[in-house]
Enquirer: 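So that we are looking at the same thing, I have put the structure below in structure tokens.
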Amino acid sequence: MEDISPEVRKFLSAFRARPGMYTGHDGMITELNLFLCGMGAFPLIYGDAAKVDIIPREFHDFTAKYYGERSSVMGWRNIILKHEVDERSAFAKFWDILDECLISGGYEPLEKIEPSPTKY
């Protein structure tokens, strides 16, 4: 397993702290999945040769094993939703599973950033 880039780590840490800034919704796994799919499609659309993995390629299989699924073609989002109460708890669980996946590959978990209060 390869680690994700420092730039992606920084982005994911910021996303985790303030998801509403990126998707318009606070803490919904479906919105996170759609956003990540869009990020992954960007290099395909614009022909950027420096394609970067947003989440580790092994994340789907790791998620299936995490929940005791023998094999699954559902995708990591659906696996998590199947086992969690709702979108928000699935969103929170995603970050826990991602950190565990990174640790299992010998890498550091994502930095936890505390969201700063918004002042208008």
Side-chain angles (χ1 to χ4, degrees):
M1 177 172 126
E2 290 184 35
D3 195 9
I4 51 181
S5 73
E7 296 83 9
V8 170
R9 284 178 163 279
K10 184 176 180 181
F11 165 74
L12 289 174
S13 293
F15 191 110
R16 182 184 205 173
R18 303 281 305 265
M21 288 184 63
Y22 299 94
T23 66
H25 298 278
D26 276 341
M28 297 178 72
I29 197 167
T30 298
E31 296 293 331
L32 167 66
N33 186 46
L34 291 171
F35 188 88
L36 294 177
C37 286
M39 293 284 293
F42 184 86
L44 300 172
I45 295 168
Y46 293 101
D48 186 353
K51 183 177 183 303
V52 176
D53 288 326
I54 306 295
I55 58 173
R57 292 180 184 164
E58 297 81 6
F59 185 71
H60 172 271
D61 291 337
F62 186 88
T63 301
K65 287 179 188 173
Y66 180 90
Y67 284 108
E69 301 277 342
R70 291 181 215 221
S71 67
S72 176
V73 294
M74 290 192 298
W76 56 263
R77 176 194 153 271
N78 290 330
I79 295 170
I80 296 171
L81 272 172
K82 176 182 172 184
H83 294 277
E84 298 301 321
V85 176
D86 58 21
E87 285 272 341
R88 293 187 191 283
S89 63
F91 178 83
K93 192 57 141 180
F94 166 84
W95 300 107
D96 295 339
I97 297 170
L98 179 58
D99 281 344
E100 287 189 37
C101 181
L102 291 169
I103 291 167
S104 76
Y107 304 107
E108 293 291 320
L110 295 177
E111 176 185 2
K112 291 195 172 124
I113 301 172
E114 292 297 322
S116 59
T118 305
K119 294 181 181 178
Y120 296 100

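It should be emphasised that the depicted structure is a prediction, and the values quoted were computed from it without experimental measurement.
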Enquirer: For Ala14 and Ile113, which heavy atoms make the closest approach, and how far apart are they?
Expert: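 Looking at all heavy atoms of both residues, the shortest contact is N-CD1, 3.9 Å.
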
Enquirer: Is it true that Leu32 and Met21 fall in one hydrophobic cluster, defined by side-chain heavy atoms closer than 4.5 Å?
Expert: yes

Enquirer: Do His60 and Ile55 have side chains that get closer than 4.5 Å, going by heavy atoms?
Expert: no

Enquirer: List the atom pairs, donor and acceptor, that lie under 3.5 Å between side-chain atoms in residues 95-103 and the rest of the protein, sequence neighbours left out.
Expert:
unit_1	atom_1	unit_2	atom_2	d
Asp99	OD1	Leu110	N	2.9
Asp99	OD2	Arg16	NH1	3.1
Asp99	OD2	Arg16	NH2	3.3

Enquirer: If I take atom CG from residue Asp26 and atom CE from residue Met28, how far apart are they, to the nearest 0.5 angstrom?
Expert: 10.0 Å

Enquirer: Using the side-chain hydrogen bond (donor to acceptor under 3.5 Å, both in side chains) criterion, which residues pair with Thr30? Sequence neighbours excluded.
Expert: Arg77, Glu87

Enquirer: Could you work out, with ring-ring contact (aromatic ring centres under 6.0 Å, His included) as the rule, every residue matching Phe59, not counting sequence neighbours?
Expert: Trp76, Phe94

Enquirer: Using the side-chain hydrogen bond (donor to acceptor under 3.5 Å, both in side chains) criterion, which residues pair with His25? Sequence neighbours excluded.
Expert: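 Residues passing side-chain hydrogen bond (donor to acceptor under 3.5 Å, both in side chains) with His25: none at all.
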
Enquirer: CD/Glu111 to NZ/Lys10 distance, rounded to the nearest 0.5 angstrom?
Expert: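 One gets 9.5 Å once the value is rounded to the nearest 0.5 Å.
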
Enquirer: Got a sec, which residues hit side chain to side chain contact (heavy atoms under 4.5 Å, CB included) with Asn78, two or more places apart in sequence or on another chain?
Expert: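 Applying side chain to side chain contact (heavy atoms under 4.5 Å, CB included) to Asn78 gives Met74.
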
Enquirer: Closest approach of Ala90 and Leu81, non-hydrogen atoms and distance?
Expert: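 That closest heavy-atom pairing would be CB-CD2, 3.8 Å.
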
Enquirer: Restricting to ring-ring contact (aromatic ring centres under 6.0 Å, His included), what partner residues turn up for Tyr107, sequence neighbours left out?
Expert: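 None.
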
Enquirer: Is there a side-chain contact between Tyr66 and Ile79, using heavy atoms and a 4.5 Å cut-off?
Expert: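 Not touching, per the 4.5 Å side-chain cut-off.
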
Enquirer: Nearest 0.5 angstrom please: Phe15 CZ to Leu36 CG, how far?
Expert: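 If we round to the nearest 0.5 Å, Phe15:CZ and Leu36:CG are 6.0 Å apart.
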
Enquirer: Of all heavy-atom pairs between Asp53 and Ile4, which one has the smallest distance, and what is that distance?
Expert: O-CG2, 3.9 Å

Enquirer: Can you tell me if Ser89 uses its side chain to pair, donor with acceptor, with the backbone of Asp86 under 3.5 Å?
Expert: yes

Enquirer: According to salt bridge (Lys or Arg N to Asp or Glu O under 4.0 Å), who are the partners of Lys65, at least two apart in sequence or on a separate chain?
Expert: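 Applying salt bridge (Lys or Arg N to Asp or Glu O under 4.0 Å) to Lys65 gives none.
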
Enquirer: What are the two closest heavy atoms between Phe35 and Phe11, and how far apart are they?
Expert: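 That would be CE2-CZ, 3.2 Å.
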
Enquirer: Going through the distances and angles, do His83 and Lys93 end up as a side chain to side chain contact (heavy atoms under 4.5 Å, CB included)?
Expert: CA-CA 10 Å; His83 294 277; Lys93 192 57 141 180; over 6 Å; no

Enquirer: When hydrophobic residues are tied together by side-chain contacts of less than 4.5 Å, even through go-betweens, does Leu12 share a cluster with Tyr22?
Expert: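 Yes: a chain of side-chain contacts under 4.5 Å links Leu12 to Tyr22.
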
Enquirer: How would you list, by chain and number, every residue that makes a side-chain hydrogen bond (donor to acceptor under 3.5 Å, both in side chains) with Asp3, sequence neighbours excluded?
Expert: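 Checked Asp3 against side-chain hydrogen bond (donor to acceptor under 3.5 Å, both in side chains); matches are Arg9.
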
Enquirer: So, for Phe62 and Ser104, which heavy atoms are closest and what is the spacing to 0.1 Å?
Expert: CE1-OG, 3.5 Å

Enquirer: List in chain and number order the residues that pass side-chain hydrogen bond (donor to acceptor under 3.5 Å, both in side chains) with Thr23, two or more places apart in sequence or in another chain; answer none if no residue qualifies.
Expert: none

